[in-house]
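Data first, discussion second: the structure below is written as structure tokens.
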Amino acid sequence: IKVAISSLPWGIRGLYAGCAACHGRNGEGSGMFPQLAGNSASYISGQLIKYKNREQIGMNSSMMWGQAGNLSDKEIELLGEYIEAGFPAE
């Protein structure tokens, strides 16, 4: 992972916990919440940036605006890399 996990005082799992509530612990997705696992870092980061900018992407956009709006650019980059790497242990 390019961005140091140690740069987050709560660790990557703590950061990902907000995502896991809907997308699953390992990004497997559930019902109306899409699978994150298997996506590239650039795709995940790009989608999060769109949500942060309040772009309409799909039916869950308004829910994601609040989630992504709380993330820094560094956190978005780290989440993308973490998901692409297959959710490695810290």
Hey, what do you get for [atom1] ([X]) to [atom2] ([Y]), rounding to the nearest 0.5 Å?
X	Y	atom1	atom2	answer
Arg13	Tyr82	CZ	OH	3.0 Å
Ile83	Ile12	CD1	CD1	8.0 Å
Cys19	Ile44	SG	CD1	8.5 Å
Glu84	Leu36	CD	CG	13.0 Å
Asn70	Trp65	CG	CH2	14.5 Å

Any donor-acceptor pair under 3.5 Å from [X] side chain to [Y] backbone:
X	Y	answer
Gln47	Ile49	no
Asn60	Phe33	no
Tyr16	Gly27	yes

side-chain contact (heavy atoms from CB on, under 4.5 Å) with Glu55: which residues, sequence neighbours excluded?
-> Lys50, Asn53
Can you name the closest pair of heavy atoms from [X] and [Y] and give their distance?
X	Y	value
Glu81	Ala41	N-CB, 3.7 Å
Met63	Met32	CE-CE, 4.0 Å
Gly80	Ser45	CA-OG, 3.9 Å

Residues in side chain to side chain donor-acceptor pair (under 3.5 Å) with Ser30, at least two apart?
-> none
Name all residues meeting the side chain to side chain donor-acceptor pair (under 3.5 Å) criterion together with Asp73; count only those two or more places apart in sequence or in a different chain, and write none if there are none.
->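 Checked Asp73 against side chain to side chain donor-acceptor pair (under 3.5 Å); matches are Lys52.
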